[in-house]
Amino acid sequence: MNAGMVIAAHEDPPAGACPAWQMHALVFTTLFCLFLIPAPSSYGTPFIGIVALALGLYRTDIARFCENYRLALWATLFLIMTNVAVALMPGRALAGAYDVMRSILLMLPALWVAEHAPRALVLRGLKVFAVALSLGFGTLCLALADSHALMPHIYAWSELHFGNVHNLVNMSAVVLLALVVILLFERRPGQRLFFLVLLFFGVWFQWLLKSEGTYLALILCGFAWAALQFGGVLRCLAIVALLGGLIGYGLLMSFPEAFRAVTQLSLGGFEIRAQLNTRVLELVAERPLLGYGMSNFKDLPGTVVDGMRFFYPHQIYLEALFSFGVVGSALFVAALIGFFRYSSRTAIVSDPLAMLGFLTAVYLASKGLTDMKLIALQPLGMITLAAGFMARRPGIGRPVPAAPVR
């Protein structure tokens, strides 16, 4: 069924007595957090995040939230307390705990927007951010235009203004996913053409940035979307392709020399990642059960690989093992499952916000294979925002239960 037809079949959820300005503010600040979390704090995300949280706390039924997600919240609290207790450097583990907790709090405005904001308002907000940020990327390219060195200039600018080029890569990737969602739900031909042009520019911008991990993540997003959208043979093919990509990447990281010998191709940035992965696994083997503690990788002896010192493992799954150990990682996964427990396939395929949340979660899970820090507002805050966006709405699938009357 056409996505636009599906969404039209469901009425917008009631907004209760929420004033229009609060609704608009919640939509704007929540989407701002999703798109701008990868940007440095100088771009205003911390302040906007506080506004979104304050409005979310004011509008959300906290008792209902705690009741629905109590197991995930208790698992997270127990994990944090245990991790700080066993950490080599407890102070750094506490800093990591702060990032975890403020990421979870972002679910409050995300859940409210998903449940109450009119779909037309959300789609309009996505368009505003997609256009504004695409224009920003285009302006950056024009300002740094050099027929022989545009990419190095963008990298240098990113290091100076964004702290790391991967922050710019991730932000532009989420904008690209938002453009895909807009095209899937927008029915007006003129606007579809306009956003299709922006989509082509977004693809070109990703090609310009030359992030192999982002290419892999975006391809896996496509397979995951197909597996969710279609049924029968197409779904099976999409799942096989998704698993094949993950297995292929795992083999590539495990046997880089064999791949290079057979194909005579350079692995580029993947080669140093493979060496780093091996070193992290060696460290995990020394403290396998409870790990070293959150944010304890920096300055740890033995984190120099090929003459380069790394401040984090650059692979979120290995970082989880390093930080929490096998036991703690299992608890961490259980907490994540608890936060996504109300995710709805029906909402994802019929609602633009839920679909963007799904694609963002898949992107982060895939990009985390190659280059991302786990214990940070990026990606944890974006993941919890995605969990809130993907939760079932009234009238779409099985509703999220209300807290019991006491």
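Only heavy atoms go into these numbers, but all of them, side chains included; no hydrogens, no water, no symmetry mates.
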So, the side chain of R341 versus the backbone of A72: is there a donor-acceptor pair under 3.5 Å, distance only?
no
Which heavy atom of A227 sits nearest a heavy atom of R235, and at what distance?
O-NE, 2.9 Å
Just by modelled atom types, is the G381 backbone N or O under 3.5 Å from a matching donor or acceptor in the T384 side chain?
yes
Does atom OH of Y317 have more than 12 heavy-atom neighbours, drawn from other residues, nucleotides or ligands, at distances under 6.0 Å?
yes
Pair L318-V284, side-chain contact (heavy atoms from CB on, under 4.5 Å): steps then yes or no:
CA-CA 8 Å; L318 292 182; V284 169; 5.9 Å; no
With a 4.0 Å cut-off on N to O distance, would you call E67 and R70 a salt bridge?
yes
Main chain of P46, side chain of S41: is a donor-acceptor contact present, judged purely on distance under 3.5 Å?
no
Using a 4.5 Å cut-off on heavy atoms from C-beta on, say whether the side chain of I37 contacts that of L106.
yes
Rounded to the nearest 0.5 Å, the CE atom of M151 sits from the NE2 atom of H153 at a distance of 11.5 Å
Pair Y342-Y69, ring pair (Phe, Tyr, Trp, His ring centres under 6.0 Å): steps then yes or no:
CA-CA 9 Å; Y342 294 114; Y69 296 97; 5.5 Å; yes
Check against side-chain contact (heavy atoms from CB on, under 4.5 Å), V240 and F223
CA-CA 9 Å; V240 169; F223 291 145; over 6 Å; no
Rounded to the nearest 0.5 Å, how far apart are CG of L218 and OG of S366?
9.0 Å
Within this structure, what is the CG-CD1 distance for the pair L123 and I182, rounded to the nearest 0.5 Å?
6.5 Å
E319 side chain vs Y312 backbone, donor-acceptor pair below 3.5 Å:
no
Does the side chain of T370 reach to within under 4.5 Å of the side chain of Y249, using non-hydrogen atoms?
yes
Do you know the tightest heavy-atom contact between E159 and N164?
OE2-CA, 4.0 Å
Evaluate the side-chain contact (heavy atoms from CB on, under 4.5 Å) criterion for residues T278 and E282: first the C-alpha distance (whole Å), next the side-chain angles of each, then the deciding distance (0.1 Å), finally the verdict.
CA-CA 6 Å; T278 300; E282 292 172 353; 3.9 Å; yes
4.5 Å side-chain heavy-atom contact, V128 and L31
no
Under the ring pair (Phe, Tyr, Trp, His ring centres under 6.0 Å) criterion, do F389 and F358 qualify, and how do the steps go?
CA-CA 8 Å; F389 294 159; F358 172 76; over 10 Å; no
Exercise: identify the closest heavy-atom pair between F322 and L283
CE1-CD1, 4.2 Å
Taking atom SG of C66 and atom CG of L73, what is their separation to the nearest 0.5 Å?
6.0 Å
With heavy-atom distances below 4.5 Å as the criterion, would you say the side chains of S344 and D351 are in contact?
no
What I'd like to find out is whether the side chain of H166 reaches to under 4.5 Å of the side chain of K373, using heavy atoms alone.
no
Counting heavy atoms not belonging to F200, are there more than 12 under 6.0 Å from its CZ?
no
Checking N83 side chain against S323 main chain: does a donor-acceptor pair fall under 3.5 Å?
yes
Write down the atom of S295, the atom of I375, and the distance for their closest heavy-atom approach.
OG-CG2, 4.0 Å
For residues Y58 and Q22, determine if any side-chain heavy atom of one lies less than 4.5 Å from a side-chain heavy atom of the other.
yes
Donor-acceptor side-chain pairing of N170 and Q378 below 3.5 angstrom
yes
Verify side-chain contact (heavy atoms from CB on, under 4.5 Å) between F297 and Y292, making sure each step is shown before the conclusion.
CA-CA 8 Å; F297 192 82; Y292 293 79; over 6 Å; no
Within the structure provided, determine whether I80 and M101 are in side-chain contact (heavy-atom separation under 4.5 Å).
yes
Give a yes or no answer on whether the side chain of D99 reaches the backbone of A97 with a donor-acceptor pair at less than 3.5 Å.
no
Is F205 close to L168 at the side-chain level, that is, under 4.5 Å between some pair of heavy atoms?
yes
So which heavy atom on A117 is nearest to which on V122, and how close?
CB-CG2, 3.8 Å
For residues L198 and S134, report the shortest heavy-atom separation together with the two atoms involved.
CD2-CB, 4.1 Å
L79 and its side-chain contact (heavy atoms from CB on, under 4.5 Å) partner, picked from L331, V100, V84
L331
Can you say whether the rings of Y215 and W207 are parallel (under 30°), tilted (30 to 60°) or perpendicular (over 60°)?
parallel
Hey, could you give me the CG/SG distance between L216 and C221, rounded to the nearest 0.5 Å?
9.5 Å
Assess, by modelled atom type and distance only, whether the side chains of S211 and Q206 contain a donor and an acceptor separated by less than 3.5 Å.
no
Quick check for you: to the nearest 0.5 Å, what is the distance between I48 atom CD1 and F35 atom CZ?
14.5 Å
Could you check whether any side-chain N or O of H116 sits under 3.5 Å from a backbone N or O of W112, counting only pairs where one atom can act as donor and the other as acceptor?
no
Strictly distance-based, threshold 3.5 Å: is any side-chain N or O of S329 a donor or acceptor partner for the main-chain N or O of A320?
yes
